[in-house]
Amino acid sequence: MNNAFALVDCNNFYCSCERAFNAALHNKPVLVLSNNDGCVVARSNEARALGIRMGQPAFECRELIEQHAIQVFSSNYSLYADMSDRVMKTLATFTSRLEVYSIDEAFLDVSHVGAEHLLDYGRQIRETVWQCTGIPVSVGLATTKTLSKIATEVVKQNPPSQGVLNLTHYSEAELDELLDSIALKDVWGIGPRYTNRLQASRNIFTAKNLKDADEHWIRKRFSVMVQRTVLELRGIACIPLETEPKPKKGIMTAKSFGRPVESLAELEEAVATYTARAVEKLRNQESAACCISVFLTTNPFQHDAPQYANSLSRMLPFPTSFTPDFLNVALDLVRSMYQPGFRYKKAGVCISKIVSQEVLQADLFGDYSLEREYKKARLMAMVDFINRWWGQNTIFFGAQGIGQEWKMRQERRSPRFTTQWGEILVVRT
DNA sequence: TCTGGGGTCCTAGGACCC
DNA sequence: TCTGGGGTCCTAGGACCC
């Protein structure tokens, strides 16, 4: 049986989540901003048509926003994560061979569907997701992941396709013609650096050119990754479906502040908050870790202000997932990096050397008390339980502070319709 | 005034060992 | 006129993704 993949990609996902709960937003230009209301991370087709770019700083769009009454939202991650979960659960009803690739995309193995039914199958996926979640999706069907990526890109530019495109029955000539219309930079796995190098060295400008390139030369001058992309464009599947999410090897929590921060006390609060969050993520994936790094930076865009950036890491004696153990080290690190007289803009925490909690128990020795570690684990489990049940930060560590005036701005966040009872949608008749 | 926050994998080169 | 060679492990940096 031939391989067949479906890539299901939510259209303008964050904007669509906002629209799903606010009918007044339909057919209007909508923007969603990054943390701190910094730059554009999602835009509706109407906003795109007005010339607003992905990643553009929000302050640059101010005039357009006013002129065209664009609806602007701060990121509402609780809402998007929950909506994503609903979409993925819906997709899981179509196949058990599902790879959740990102918050708004999933690959499905659809090899079990007969070639003549594939297009219908894609349409059915699209309609079901729309009915169950109110999120519009595009579906690309092809023999490799890379080609299915291209199919969804084409779908989005091409309204008559009605959201589904099946490349599996294309003849070689038809496929070549399509690939020749795809710019190199739009191929999955080819970023700006590779685009420049490929253009400059071998006149490779389109997906078709890359498909025809000498695979061995590519391997030598670039990497196996690019070689795989070449093969995938030729219809040879080399990037497998990954149905099991792998535990993360590094966990980072980093955020810029709502305003510049100058005092050590506030930096300590921020670093403690990010540390607590990172270790919580660590426990969620049932891991432990023994390395933490902390970094601080001033605002790199403020060219005339004095700049400072530093990062330090330290090992813990053995892997743990006990927040206070990490807090002690993190606070120590931030104190030794802190230099007065700077306006700090961002801080972050990164946890690495991650191992599974199960492995941990097997090879412990030395200054280690199983009983003590067991008590710590019980305490953390209780904290997590309370915060899951009553909402994030119902209980937290004193070092995180209570004012948190440095916190990021989210001036236009919509209600967390699906995850907070107090913010549930009210329908008035 | 205002410019995001996560992740992944690969490769080259150095340290170290025998 | 001359100073081994091969293997492994680790890390930093570079590239990519959403």
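Naming: A, B, ... by sequence-line order, numbering from 1 per chain. Bear in mind that the values here come from a model prediction, so they are computed numbers and not experimental data.
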Colleague: A:Asp104 near the nucleic acid: base, sugar-phosphate alone, or nothing, with a heavy-atom cut-off under 4.0 Å?
Modeller: sugar-phosphate
Colleague: Taking the basic N atoms (NZ, or NE/NH1/NH2) and the acidic carboxylate oxygens, is any pair closer than 4.0 Å for A:Lys211 and A:Asp176?
Modeller: yes
Colleague: Less than 4.0 angstrom between a side-chain N/O of A:Lys346 and OP1 or OP2 of B:dT3, yes or no?
Modeller: no
Colleague: Report yes if at least one side-chain N or O of A:Lys149 is closer than 4.0 Å to OP1 or OP2 of C:dC18; otherwise report no.
Modeller: yes
Colleague: Does A:Lys345 reach a base, just sugar-phosphate, or nothing at all? Heavy atoms under 4.0 Å.
Modeller: sugar-phosphate
Colleague: Once you apply a heavy-atom cut-off of 4.0 Å, does A:Arg259 come out as touching a base, just sugar-phosphate, or nothing?
Modeller: nothing
Colleague: Using a cut-off of 6.0 Å, state whether more than 12 heavy atoms not belonging to A:Glu177 lie near its atom CD.
Modeller: no
Colleague: Could you tell me whether A:Glu18 and A:Arg412 have a side-chain N and a carboxylate O separated by less than 4.0 Å?
Modeller: no
Colleague: C:dC17 C1' sits how many Å from A:Glu242 CD, rounded?
Modeller: 13 Å
Colleague: Looking only at side-chain atoms of A:Asn299, point me to the closest of B:dG6, B:dT3, B:dT8.
Modeller: B:dT3
Colleague: NA contact type, A:Arg228, heavy-atom cut-off 4.0 Å: base, sugar-phosphate, or nothing?
Modeller: sugar-phosphate
Colleague: Can you tell me how far C1' in B:dG4 sits from the matching atom in C:dC17, rounded to whole Å?
Modeller: 15 Å
Colleague: Within the structure, does a side-chain N or O atom of A:Ser256 lie under 4.0 Å from either OP1 or OP2 of B:dT3?
Modeller: no
Colleague: Is the shortest side-chain N/O distance from A:Gln302 to OP1 or OP2 of B:dT1 below 4.0 Å?
Modeller: no
Colleague: Sort out for me which residue in A:Pro317, A:Pro319, A:Ser352 forms a side-chain contact (heavy atoms from CB on, under 4.5 Å) with A:Cys290.
Modeller: A:Pro319
Colleague: To the nearest angstrom, how far is A:Ile65 atom CD1 from B:dC2 atom C1'?
Modeller: 11 Å
Colleague: Are A:Phe73 and A:Tyr14 near enough that their ring centres are under 6.0 Å apart?
Modeller: no
Colleague: So how far is it from A:Cys61 SG to A:Arg43 CZ, rounded to the nearest 0.5 Å?
Modeller: 10.0 Å
Colleague: Between the side-chain atoms of A:Arg409 and the base atoms of B:dT1, is any donor-acceptor pair under 3.5 Å?
Modeller: no
Colleague: Touch check for A:Leu33, heavy atoms < 4.0 angstrom, all strands: base, sugar-phosphate only, or nothing?
Modeller: nothing
Colleague: Report which part of the nucleic acid A:Val226 touches: base, sugar-phosphate, or nothing (heavy-atom distance under 4.0 Å, all strands).
Modeller: nothing
Colleague: Of the nucleotides C:dC18, B:dG7, B:dG4, which has the atom closest to the A:Trp188 side chain?
Modeller: C:dC18
Colleague: For a quick check of understanding: with a heavy-atom distance under 4.0 Å over all strands, which category does A:Ile190 fall into, base, sugar-phosphate or nothing?
Modeller: sugar-phosphate
Colleague: Would you list the protein and nucleotides 10-15 of chain C atom pairs, both N or O, that sit under 3.5 Å from each other?
Modeller:
residue	atom	partner	partner atom	Å
C:dA15	OP2	A:Arg193	NH1	3.1

Colleague: Donor-acceptor pair, distance only, cut-off 3.5 Å: does the side chain of A:Gln71 make one with the backbone of A:Leu25?
Modeller: no
Colleague: Check A:Asn27, A:Asn11, A:Asn12 against A:Asn45 for a side-chain hydrogen bond (donor to acceptor under 3.5 Å, both in side chains) and give me the one that passes.
Modeller: A:Asn12
Colleague: Determine the contact category for A:Glu105: base if any of its heavy atoms lies under 4.0 Å from a base atom, sugar-phosphate if only primed atoms, P, OP1 or OP2 are that close, otherwise nothing.
Modeller: sugar-phosphate
Colleague: Without decimals, in angstroms, what is the distance between A:Arg343 CZ and B:dC2 C1'?
Modeller: 13 Å
Colleague: So, OP1 or OP2 of B:dC9: does either fall under 4.0 Å of a side-chain N or O from A:Lys246?
Modeller: yes
Colleague: May I ask you to say what A:Ala58 touches in the nucleic acid, namely base, sugar-phosphate or nothing, with a heavy-atom cut-off under 4.0 Å?
Modeller: nothing
Colleague: So what does A:Phe222 touch, heavy atoms closer than 4.0 Å: a base, only the sugar-phosphate, or nothing?
Modeller: nothing
Colleague: Would you kindly give the NZ-to-C1' distance between A:Lys248 and C:dC17, to the nearest whole Å?
Modeller: 13 Å
Colleague: What is the distance, rounded to the nearest whole Å, between atom CD of A:Gln227 and atom P of B:dC9?
Modeller: 18 Å
Colleague: Just checking A:Gln307: does its CD atom have more than 12 heavy atoms from other residues, nucleotides or ligands closer to it than 6.0 angstrom?
Modeller: yes
Colleague: Can a salt bridge be assigned to the pair A:Lys376 and A:Asp325 using a cut-off of 4.0 Å between side-chain N and carboxylate O?
Modeller: yes
Colleague: For DNA chain B, what string of dots and brackets results from 5' to 3' when Watson-Crick and G-U pairs need both distances under 3.5 Å, crossing pairs get [ ], and pairs with another strand get |?
Modeller: ....||||||||||||||
Colleague: Might you point out which heavy atoms bring A:Val87 and A:Cys10 nearest each other, and give the distance in Å?
Modeller: CG1-SG, 4.1 Å
Colleague: Which is true for A:Asn36 with a 4.0 Å heavy-atom rule: it touches a base, it touches only sugar-phosphate, or it touches nothing?
Modeller: nothing
Colleague: How is A:Gly250 classified with respect to the nucleic acid when contacts are heavy atoms under 4.0 Å: base, sugar-phosphate, or nothing?
Modeller: sugar-phosphate
